[in-house]
**Student:** 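Pasting a structure below so you can have a look.
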Amino acid sequence: MSLSASFPLQAKEFGEHPERARQRLVVTQGKKLNVRSKPSVKGTLIYQLRPGDIIYVDSIHFITSGGYEWLPVTDKWGQRLPREAFVTNFSRFRIEDNPLYDPPSDDQKKIEDAVESSQLIAKWILLLLSIAFAAFFLYKYFSTEGKEKLLGYRVNGMRRTFFFNPQPYTAIIFVTLFLAGAVAAAVVSLITLGAVVYGLLWLVKILCYILVWVGIIMCVGCAIAIFSGDWKFIIGVILGGVIWYYDDKIEAFAEASADTGLKFFNEFNILNYSLDITLQYWKPVLTCIAAPIALFLALAVIWLLIAGILILLEKIVTGRYNIKHPCPHCHQPSEPARYLSKSDEGYLEIPNDIKLRPGMYGLFHITHPVTLEKMPTMIMNGRDKLARACANCGNRIQADEGTEVHLAMVGSPQAGKSTLTYRIIAELFSRAGEQRVSFTDVKGTIKDRQLIDKVKAIAEKNMIEDANLPSKTALNDLASTQLIIRRNHTPVPYRLFINDVGGELFDIENQRQSQNATRFFHDIDSILFLIDPLTTDFSDCEPSPEYAEWVSKCASYGVAKLKMKDLQDTVDNQIKLHGNSPKRINLNIVLPKIDMDYLPADIDINSQEDLRRYLIDEMGLGSFMHWAGQFRSVSIFAVGAMASGNKSNIAPLIDAVIIGQLGIRL
């Protein structure tokens with residue numbers, strides 16, 4: 001007696017064909033019995049059976065996994081349960097022979113085997129058709145712009161890293177839809193084939209019945225005609241009589257045709273099979289779609305995190321080594337600069353205003369779309385080696401980045417600023433060597449080549465000859481002289497800016513003109529303030545009679561003399577105008593041209609006290625020295641840039657300013 005009768009309100013039976021199952025499982029105890037998708041407590045809970053529920057199965061075997069015992073049920077349970085499921089706690093049900101089991105006869109078994117074989121053939125046809133349709137759809141989709149559809153389209157010539165484009169995501173969705181469409185097309189094709197065969201055989205059935213009725217009518221009609229005396233219709237009577245005589249067999253053939261068509265349709269109509277597969281595998285299919293999309297999104301997030309870390313690391317490095325990116329031409333911040341790539345047609349900028357930074361177009365390099373140059377995205381891997389244009393003034397920059405130190409020359413016209421600049425650079429070349437000291441932002445002009453040649457000649461001979469004299473600095477020459485001085489044990493070099501502009505720009509009457517030329521006051525660390533007796537107007541000072549007499553004798557050497565008060569006011573205004581503070585700047589007062597013997601013999605040119613006393617007592621610069629007290633430090637030097645060897649007294653200035661104040665280790 002079945003337990004389903006014992007539990008009439010609860011019992012449910014699972015199994016499409018109970019008569020075909022050899023055994024059945026009857027739930028005997030407990031409130032609920034779990035059915036899971038796999039033999040694990042983590043398997044998805046599919047259903048819960050109750051006492052009295054019956055499961056019809058073909059075979060039974062047990063699995064022990066993770067300390068639990070499982071019973072795989074491999075028969076199809078109907079619409080609510082999948083083809084294969086796992087029942088836990090098999091001790092809670094009873095295994096018994098199925099009383100409804102009706103073993104198939106040999107003929108029936110042969111029919112079932114034939115049906116199963118034909119269905120297997122149909123499934124293989126479905127698979128092959130699905131592959132064919134899928135190949136066709138995918139070919140049509142990727143045959144045009146296939147790479148772009150998979151990796152992403154270029155925007156103004158630049159292609160982002162593929163997972164930052166929408167195309168890979170849409171490609172996954174489209175491919176999935178195409179595959180589903182291919183299966184659907186294959187199913188429709190098979191259904192159409194079954195329907196066509198079924199329809200044709202039904203048409204045969206209809207035609208057979210029409211043939212029977214035509215034969216009967218023809219036999220009767222022709223017989224009537226013969227009775228009327230027209231024997232020519234005897235053939236019609238014979239044919240019609242034959243059809244009438246065999247009408248049962250013709251009708252049987254018609255029915256057999258219809259049955260064959262129905263059988264063919266049933267065997268090849270795999271709609272139910274397709275729906276069953278869909279219901280069983282829709283979750284894995286969705287997983288196959290979602291997994292790569294989730295992976296791409298995760299890669300994009302990780303990529304952006306790494307890019308952010310690299311940008312932060314570069315900010316830390318630039319802050320640690322005082323890298324500020326000032327333009328050598330306009331002294332405005334040059335970053336983000338317009339980076340250039342060299343081609344046969346010249347230098348080409350990265351299109352679409354893309355910043356050369358770690359981001360969606362690359363972490364460590366970005367490939368230029370025209371030159372195909374891999375352009376580094378950070379200072380740490382060589383971005384500063386690239387040619388670039390300032391974002392503010394548009395002038396070309398070609399300089400290594402490094403720890404920036406800024407030295408400015410201040411003085412009246414022809415005070416010897418350029419000459420002193422050449423002698424300082426030559427001393428740097430002599431001490432550190434050409435391997436460690438090099439010019440940067442050299443544009444290859446005649447002036448640049450002459451500067452390099454002259455400085456090297458001065459360094460070699462340790463003196464300035466007439467052939468190596470610098471030309472007077474033009475008013476429109478606003479660029480700094482820049483040097484890269486490489487350190488011994490640190491990859492980040494020093495980037496020394498020596499700002500030397502025309503002395504006329506320090507005239508108090510040229511404030512508007514000098515505003516753009518003296519932007520370097522925003523960054524300067526040290527000033528060399530040249531007080532040349534020949535080009536400085538001391539009318540607003542109180543020099544000693546002896547010094548005034550010497551100046552008057554040499555008055556013919558001066559060209560455009562500037563008053564000390566005007567020079568002071570100009571420096572004050574420029575520091576304030578460009579947002580700097582005297583408390584951050586080292587002031588170095590330089591007495592140039594000592595080879596002209598205007599200093600008394602009893603003055604020790606390396607004594608700060610002697611030089612200070614000379615400035616106040618002899619030159620009458622007491623108010624100037626009081627003004628100088630606002631700076632971070634005040635040092636006094638006496639040099640002769642035109643003198644040879646140690647007579648130039650350049651070494652103490654290098655030691656105190658370049659090494660001491662600016663911190664450059666030579």
**Student:** Is the backbone of Gly663 close enough, under 3.5 Å, to the side chain of Tyr494 for a donor and an acceptor to pair up by distance?
**Tutor:** yes
**Student:** For the backbone of Ala337 and the side chain of Arg388, can you confirm whether one donor and one acceptor N or O come within less than 3.5 Å of each other?
**Tutor:** no
**Student:** Please find the pair of heavy atoms, one from Pro358 and one from Met378, that lie closest to each other, and give the distance.
**Tutor:** CG-CG, 3.8 Å
**Student:** side-chain contact (heavy atoms from CB on, under 4.5 Å) for Leu297 and Tyr169? Distances and angles first, verdict last.
**Tutor:** CA-CA 9 Å; Leu297 291 175; Tyr169 302 90; 3.7 Å; yes
**Student:** Quick one, Gln435 and Arg486 - any side-chain contact, counting heavy atoms below 4.5 Å?
**Tutor:** no
**Student:** Side chains of Lys342 and Thr371: closer than 4.5 Å at any heavy-atom pair?
**Tutor:** no
**Student:** Any idea which heavy atoms bring Ser412 and Thr536 closest together, and the distance?
**Tutor:** OG-OG1, 4.0 Å
**Student:** For the side chain of Lys563 and the backbone of Cys541, is there at least one donor-acceptor N/O pair under 3.5 Å apart?
**Tutor:** no
**Student:** How long is the gap from CG on Asp610 to CG on Leu615, to the nearest 0.5 Å?
**Tutor:** 11.0 Å
**Student:** Please name all residues satisfying side chain to side chain contact (heavy atoms under 4.5 Å, CB included) with Glu460, sequence neighbours left out, ordered by chain then number.
**Tutor:** none
**Student:** Can you tell me if Ser648 uses its side chain to pair, donor with acceptor, with the backbone of Ala641 under 3.5 Å?
**Tutor:** no
**Student:** Taking all atoms of both residues into account, what is the closest heavy-atom pair of Arg632 and Asn586, and its distance?
**Tutor:** CD-OD1, 3.6 Å
**Student:** Are the charged groups of Asp595 and Lys647 less than 4.0 angstrom apart, N to O?
**Tutor:** no
**Student:** Assert yes or no for the condition that the ring centre distance of Phe164 to Tyr361 is strictly below 6.0 Å.
**Tutor:** no
**Student:** Rounded to the nearest 0.5 Å, what separates atom NZ in Lys454 from atom OH in Tyr422?
**Tutor:** 5.0 Å
**Student:** Using the side chain to side chain contact (heavy atoms under 4.5 Å, CB included) definition, which of the options Val590, Ile424, Leu591 pairs with Val639?
**Tutor:** Val590
**Student:** Would you name the heavy atoms of Ala408 and Ile524 that are closest together and state the gap between them?
**Tutor:** CB-CG2, 3.6 Å
**Student:** What heavy-atom pair brings Ser526 and Val657 nearest, and what distance separates the two atoms?
**Tutor:** CB-CG1, 4.3 Å
**Student:** How about Leu310 and Glu314: do any of their side-chain heavy atoms sit closer than 4.5 Å?
**Tutor:** no
**Student:** Flag the pair Thr377 / Arg357 as yes when at least one side-chain heavy-atom distance between them is below 4.5 Å, and no otherwise.
**Tutor:** no
**Student:** Distance check, rounded to the nearest 0.5 Å: Phe429 atom CZ versus Lys456 atom NZ?
**Tutor:** 6.5 Å
**Student:** Taking the side chain as every heavy atom from C-beta outward, state whether Leu420 and Phe637 have any atom pair closer than 4.5 Å.
**Tutor:** no
**Student:** Please identify which of these residues, Arg584, His578, Lys583, Lys576, meets the side chain to side chain donor-acceptor pair (under 3.5 Å) condition with Asn580.
**Tutor:** Arg584
**Student:** Walk me through it: do Leu295 and Leu299 pass the test side-chain contact (heavy atoms from CB on, under 4.5 Å)?
**Tutor:** CA-CA 6 Å; Leu295 177 63; Leu299 289 174; 4.2 Å; yes
**Student:** Taking atom OG1 of Thr570 and atom CG of Leu577, what is their separation to the nearest 0.5 Å?
**Tutor:** 11.5 Å
**Student:** Can you tell me if CD on Gln608 sees more than 12 non-hydrogen neighbours from other groups inside 6.0 Å?
**Tutor:** yes
**Student:** May I ask you to decide if Asn462's main-chain N or O and Arg423's side chain share a donor-acceptor pair within less than 3.5 Å?
**Tutor:** yes
**Student:** Answer whether the closest heavy-atom distance between the side chains of Glu618 and Leu599 falls below 4.5 Å.
**Tutor:** no
**Student:** Output yes when Asp655 and Arg431 qualify as a salt bridge under the 4.0 Å nitrogen-oxygen rule, no when they do not.
**Tutor:** yes
**Student:** Could you tell me how the ring of Tyr547 sits relative to the ring of Trp550: parallel (under 30°), tilted (30 to 60°) or perpendicular (over 60°)?
**Tutor:** parallel
**Student:** Within a radius of less than 6.0 Å around CG of Asn488, do more than 12 heavy atoms belonging to other residues, nucleotides or ligands occur?
**Tutor:** yes
**Student:** Lys417 and Gly411: which non-hydrogen atoms are nearest, and at how many Å?
**Tutor:** NZ-O, 3.4 Å
**Student:** Return the set of residues passing side chain to side chain contact (heavy atoms under 4.5 Å, CB included) with Thr170 (not counting sequence neighbours), or none when no residue passes.
**Tutor:** Gln167, Phe174
**Student:** Measuring from Leu621:CG to Met564:CE, what's the distance to the nearest 0.5 Å?
**Tutor:** 5.0 Å
**Student:** Check each of Thr535, Asp532, Thr419 against Lys593 using the side chain to side chain donor-acceptor pair (under 3.5 Å) test, and report the only one that passes.
**Tutor:** Asp532
**Student:** Can the ring centroids of Phe529 and Phe624 be said to lie less than 6.0 angstrom from one another?
**Tutor:** yes
**Student:** Let me see the working for Phe439 and Val455 under side-chain contact (heavy atoms from CB on, under 4.5 Å), right down to the final yes or no.
**Tutor:** CA-CA 11 Å; Phe439 287 94; Val455 167; 4.2 Å; yes
**Student:** List the steps, then state whether side-chain contact (heavy atoms from CB on, under 4.5 Å) holds for Thr481 with Asp500.
**Tutor:** CA-CA 8 Å; Thr481 299; Asp500 171 25; 5.8 Å; no
**Student:** Counting C-beta onward and ignoring hydrogens, is there a side-chain heavy-atom pair between Trp303 and Phe163 closer than 4.5 Å?
**Tutor:** yes
**Student:** Does Arg665 reach the side chain of Arg487, with side-chain heavy atoms less than 4.5 Å apart?
**Tutor:** no
**Student:** Look up atom CG in Leu407 and atom CG in Asn588, then write down how far apart they are to the nearest 0.5 Å.
**Tutor:** 7.5 Å
